Amino acid sequence: METGKSCKNCLTFMAEENQQPSNPPSAQPEPANPERKTLDDRNKMTELERIRHSCAHVLATAILRLWPDAQFAYGPPVENGFYYDLEMKHRISQEDFEKIEAEMKKEIKANNPFEKVVVTREQAIADAQSGRLGGLAERPDNASKFKLDLLKQIPEGEPISYFKNGDFIDLCAGPHVMRTGNIGAFKLTSVAAAYYKGDEKGPQLQRIYGTAFKNKTALDEYFKMLEEAKRRDHRKIGAEMGLFAIDTEYVGPGMPLWLPKGTILVEELEKLAKETEFAAGYVRVRTPHLAKEKMYTTSGHLPYYAESMFPPMDFCEDAEQRSLREQVNQDLLKARSELVALKAKGEEFELGINTPTTRSTLSTQEQESQAAFKRDIEAHESTIRSLEHKKGGLGSVYYLKAMNCPHHHRIFAAEPRSYRDLPLRLAEYGCCYRYEQLGELFGLMRVRSLNMNDAHIYCTEEQFADEFRAVNDMYLKYFKIFGLEKYQMRFSTHAAEGLGKKYVNEPELWKKTEDMVRKVLIESGINYVEVANEAAFYGPKIDVQVWSAIGREFTIATNQVDFAVPAKFGLTYRDKDNSNKTPLCIHRAPLGTHERFIGFLIEHYAGNFPLWLAPDQVRVITLNDDEALINYAKPIVAELRANMVRVDSDFSATPFKAKISNAEQLRVHTMLVIGGRDMEAGAVSVRLHHGGPQGAKPKAEVIAQILADIKERKA
RNA sequence: GCCAGUGUAGCUCAGUGGCAGAGCAACGGUUUCGUAAACCGUAGGUCGUGGGUUCAAUCCCCACCACUGGCUCCA
């Protein structure tokens with residue numbers, strides 16, 4: 001229910017501090033390991049991309065001068081720079097950068113031309129074998145193994161070319177800048193491990209990232225912008241504002257504690273969601289955080305997703321019983337896989353070329369063998385049933401839920417359902433737990449405990465389009481409230497080759513539901529991109545992608561079709577014709593999870609929340625601690641408080657300017673300043689965190705305005 | 001999980017093989033002021049945890065726990 005692809009080095013352009021909403025970069029993020037670009041694509045490379053791509057060659061040149069054994073793989077330009085993947089004995093660390101950059105500068109100063117040489121495939125293979133490709137010279141005992149592999153990927157008939165600068169020759173289709181001297185300004189930025197072709201099982205390479213620009217000014221601007229983005233980082237602002245804490249020692253990594261001010265954000269969002277969902281005909285439910293193992297064997301999440309779930313809790317205390325259950329588990333596993341094999345074989349048997357398809361033409365022998373097959377299958381099924389029964393008597397295993405859908409399915413199953421009950425929309429801010437890899441945790445954006453703005457809509461096929469459209473409309477409504485203008489809707493579909501593996505094996509249902517979703521999207525005039533092979537295992541989905549301050553891409557919201565799991569739970573409703581039918585299910589989370597959504601909002605607003613969301617809405621500040629002033633100010637505080645405004649006061653003797661400064665640093669949305677002049681006029685002076693002094697206004701007017709702005713959730 | 005880096009006061013960061021430092025915040029006093037930072041003082045630490053080397057370790061070495069930037073993953 002939650003995905004997000006990382007987008008390396010891409011940046012959100014949000015240098016202005018003045019409450020500009022954060023927007024995704026205009027360009028598409030580079031894929032993790034770029035698909036092979038066609039020659040056409042390559043010719044579209046911008047000047048900047050050519051500079052960066054050329055800089056990657058210069059980097060390789062420098063590396064080879066320092067470590068001649070280096071072998072190079074990919075070295076493309078990316079969103080904000082370039083990288084080159086390489087393999088060598090020496091482990092590069094940032095301390096090496098100075099040395100490498102010095103060599104690179106020499107190559108740039110030499111101003112060598114980038115010469116293109118077109119060669120035959122045979123010639124290229126020979127050069128790769130002699131270690132010449134991606135090298136400064138021949139290296140007879142060190143063949144250019146990655147280049148050899150890359151050569152294999154170049155289609156027959158496509159020209160093969162080298163690019164040469166100085167002694168360095170690389171297999172490359174270009175294009176490049178004319179000379180190394182055209183690389184205006186560059187800097188190496190980081191080093192990381194990367195897998196060859198992004199394959200975890202493949203060799204692990206060292207990846208050096210760098211960036212390059214036309215000139216020093218542009219490079220400096222880029223780093224300045226990076227600094228700006230860091231100031232907006234939700235982890236930094238979260239600490240400054242006291243929104244959340246992550247106590248890795250006592251609570252655990254990835255499990256944020258919501259501090260009082262962060263809890264305000266959480267509860268304001270929940271209030272918004274509850275109002276919106278109530279208006280849209282949802283009903284609310286509540287479910288436990290745990291479920292028995294059977295829940296997830298039935299839903300199909302186990303065993304495939306077990307790795308992303310917290311390890312199970314075993315309530316079987318007796319050691320003997322436990323080992324017995326282990327045995328039963330193994331027997332079950334064996335029986336199940338045998339059954340799958342048998343069924344597959346049975347299909348083959350019935351559809352086999354040499355096997356007659358009609359019963360009348362079956363020989364006695366064949367008939368007998370088919371009957372034996374059936375008996376075998378039945379025997380296995382009965383074994384499985386009895387093993388499951390046996391297992392039930394041997395204590396229970398519980399899992400922390402990683403998603404709410406199965407619980408909601410059981411709520412659907414808790415009462416008999418009629419077509420008149422549909423669509424049934426079950427909503428819950430459910431708390432889920434996912435055992436994300438340690439290295440993947442990222443502030444609030446990627447966590448292990450998460451509160452989802454979840455709901456499941458059970459509906460008939462006829463109702464589907466309207467329901468799906470209504471969900472999309474809800475997204476758009478929310479995005480308007482938050483001033484979220486640029487995001488990307490990603491429609492994820494299945495891939496035929498994954499049927500039966502990554503995806504439930506229902507080719508027709510896939511096609512049907514994907515067509516339905518596509519139709520809704522087109523009819524609603526929503527801009528989207530369609531991505532194959534990214535669907536959930538139970539159906540197609542739409543994800544909404546946004547970008548964090550430092551440029552990571554995240555799924556902020558999701559809307560998914562599920563045509564598979566309700567059937568696994570045997571969910572049915574009684575239709576008009578008195579038959580039992582399985583409902584379709586829409587999983588949706590327009591506000592994603594509290595963790596990610598608030599993480600995103602913090603960066604989106606740079607901590608300067610609109611009044612309705614601001615943890616500190618109003619602070620009343622007196623010019624000094626004069627008693628008359630305080631007596632004038634107190635009823636204003638009381639009135640705001642009585643109207644549920646988050647207001648506090650500073651009547652202390654601290655110098656006035658310091659009191660203003662304190663409130664500003666806290667990001668108090670509205671400061672009501674009261675001095676002698678205000679008191680005499682029955683006024684207050686308004687100062688906004690974003691907007692500065694607004695002058696004196698009658699106090700009743702100011703209070704009314706504050707209440708109205710909160711009520712309408714004014715941006 | 002993998003690669004590289006980091007871990008010193010609540011925060012931002014200095015620092016050294018030989019008594020642990022600053023600014024801000026906190027606390028106590030003084031200050032009575034018109035829109036972003038008044039002054040004086042006090043307190044605050046097992047230098048991430050555990051082990052090793054050493055007469056002596058916050059510093060050097062090893063392991064672990066976390067964090068940061070990537071990679072992989074992401075129902």
Side-chain angles (χ1 to χ4, degrees), chain A residues 1-6 8-9 32-33 83 85 91-97 189-196 198-202 204-209 230 233 235-236 239-240 242 245-249 252-254 296 299-302 304-309 401-406 432 434-443 446 502 534-539 541 543 550-552 554-555 558 560 562 565 587 621-626 629 652-666 671 673-678 685-689 692-696:
Chain A
M1 290 273 278
E2 198 183 346
T3 66
K5 290 209 152 174
S6 66
K8 71 194 62 57
N9 287 7
N33 249 305
Y83 66 79
D85 284 348
R91 287 248 162 260
I92 301 252
S93 80
Q94 305 223 345
E95 283 166 22
D96 296 319
F97 282 5
T189 50
S190 66
V191 57
Y195 300 101
Y196 183 54
D199 179 2
E200 208 175 348
K201 290 171 206 90
Q204 196 175 59
L205 308 174
Q206 304 190 61
R207 173 172 297 179
I208 302 179
Y209 280 102
K230 273 190 201 154
D233 192 313
R235 293 166 298 184
K236 192 173 160 62
E240 280 168 12
I246 297 179
D247 180 347
T248 57
E249 192 178 354
Y296 303 108
S299 71
H301 286 100
L302 278 178
Y304 305 106
Y305 300 112
E307 265 188 26
S308 311
M309 295 174 76
K401 65 178 174 184
M403 64 294 289
N404 301 305
C405 24
C432 300
R434 296 179 183 187
Y435 198 76
E436 305 286 0
Q437 291 182 57
L438 206 46
E440 267 312 312
L441 300 177
F442 179 68
R446 191 78 179 272
K502 199 172 160 186
E534 288 284 335
F537 78 89
Y538 43 67
K541 63 174 180 178
D543 289 325
I550 57 167
R552 282 196 207 182
F554 286 98
T555 300
T558 184
Q560 314 184 346
D562 182 347
V565 184
H587 306 231
I621 297 170
T622 50
L623 200 63
N624 53 46
D625 65 348
D626 181 74
L629 277 187
S652 67
T654 310
F656 171 66
K657 282 198 180 191
K659 297 209 271 189
I660 296 284
S661 175
N662 288 341
E664 286 286 357
Q665 280 171 59
L666 257 180
M671 287 151 271
V673 175
I674 294 170
R677 295 206 293 265
D678 302 292
S685 294
V686 178
R687 180 188 169 102
L688 299 177
H689 174 57
Q694 307 290 305

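Remember, predicted model here, so these are calculated numbers, not experimental data. In what follows, chains are A, B, ... by sequence order, proteins preceding strands, each numbered from 1.
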key: A/Cys405 vs A/Met403 side-chain heavy atoms within contact, under 4.5 Å   = yes
message = Do A/Met309 and A/Tyr435 make a side-chain contact, defined as non-hydrogen atoms from C-beta onward lying under 4.5 Å apart?
response = no
key: Atom-pair distance (CZ on A/Arg446; P on B/C67), nearest Å   = 14 Å
Can you give me the N/O atom pairs linking the protein to nucleotides 8-11 of chain B at distances under 3.5 Å, or say none if there are none?
none

Nearest-angstrom distance, [atom1] atom, [N] to [M]:
N	M	atom1	result
B/U54	B/C59	C1'	13 Å
B/A20	B/C13	C1'	14 Å
B/C64	B/A38	C1'	49 Å
B/C71	B/G15	P	32 Å
B/G69	B/C11	C1'	22 Å
B/G52	B/U58	C1'	16 Å
B/G45	B/C19	C1'	14 Å
B/A56	B/G51	P	15 Å

Mind checking side chain to side chain contact (heavy atoms under 4.5 Å, CB included) for [X] and listing every partner two or more places apart, or none if nothing turns up?
X	result
A/Leu688	A/His669, A/Thr670, A/Val686, A/Gln694
A/Ser299	A/Tyr296, A/His301, A/Pro406, A/Val565, A/Phe569
A/Asp96	A/Trp67, A/His90, A/Ile92, A/Ser93, A/Lys99, A/Ile100
A/Ala194	A/Asp85, A/Arg207

ask   = Does A/Phe537 CZ have over 12 foreign heavy atoms under 6.0 Å away?
value = yes
task = Report which part of the nucleic acid A/Gly692 touches: base, sugar-phosphate, or nothing (heavy-atom distance under 4.0 Å, all strands).
result = nothing
request  = For A/Ala663, answer base if it contacts any base atom (sugar-phosphate contacts may also be present), sugar-phosphate if it contacts only those atoms, and nothing otherwise; contact means non-hydrogen atoms under 4.0 Å.
outcome  = nothing
task = Identify, between A/Leu623 and A/Glu249, the residue whose nearest nucleotide on RNA chain B lies closer to the 5' end.
result = A/Leu623
ask   = OP1 or OP2 of B/C74 less than 4.0 angstrom from a side-chain nitrogen or oxygen of A/Tyr435, does that happen here?
value = no
ask   = Can you list the residues that meet the salt bridge (Lys or Arg N to Asp or Glu O under 4.0 Å) rule with A/Lys236, with sequence neighbours excluded?
value = A/Glu240
Which residues share a side chain to side chain donor-acceptor pair (under 3.5 Å) with [X], sequence neighbours left out:
X	result
A/Gln206	none
A/Asn624	none
A/Asp562	A/His587

Short N/O separations, protein against nucleotides 36-46 of chain B, under 3.5 angstrom:
| residue | atom | partner | partner atom | Å |
| --- | --- | --- | --- | --- |
| B/A36 | OP2 | A/Arg687 | NH1 | 3.4 |
| B/A36 | N7 | A/Arg687 | NH2 | 3.2 |
| B/A36 | N6 | A/Glu664 | OE1 | 3.2 |
| B/A37 | N6 | A/Gln665 | NE2 | 3.1 |
| B/A37 | N1 | A/Gln665 | OE1 | 2.9 |
| B/A37 | N1 | A/Gln665 | NE2 | 2.4 |

ask   = Any donor and acceptor pair, going by atom type alone, linking the side chain of A/Lys659 with main-chain N or O of A/Leu623 inside 3.5 Å?
value = no
Given A/Ile246, A/Asp247, A/Leu441, the one that forms side chain to side chain contact (heavy atoms under 4.5 Å, CB included) with A/Pro253 = A/Leu441
key: Quiz item: A/Ser685 side-chain donor-acceptor pair to B/G34 base, under 3.5 Å   = yes
note = Counting primed atoms, P, OP1 and OP2 as sugar-phosphate and everything else as base, the B/S/- map of nucleotides 1-7 of chain B against protein heavy atoms under 4.0 Å is BBBSS--
note = The nucleotide from B/U35, B/U32, B/C73 with an atom nearest the side chain of A/Asp625 is B/U32
query = If you write RNA chain B from 5' to 3' in dot-bracket form, with Watson-Crick or G-U pairs under 3.5 Å, [ ] for crossing pairs and | for pairs with another strand, what do you get?
reply = (((((((..((((....[..)))).(((((.......))))).....(((((..]....))))))))))))....
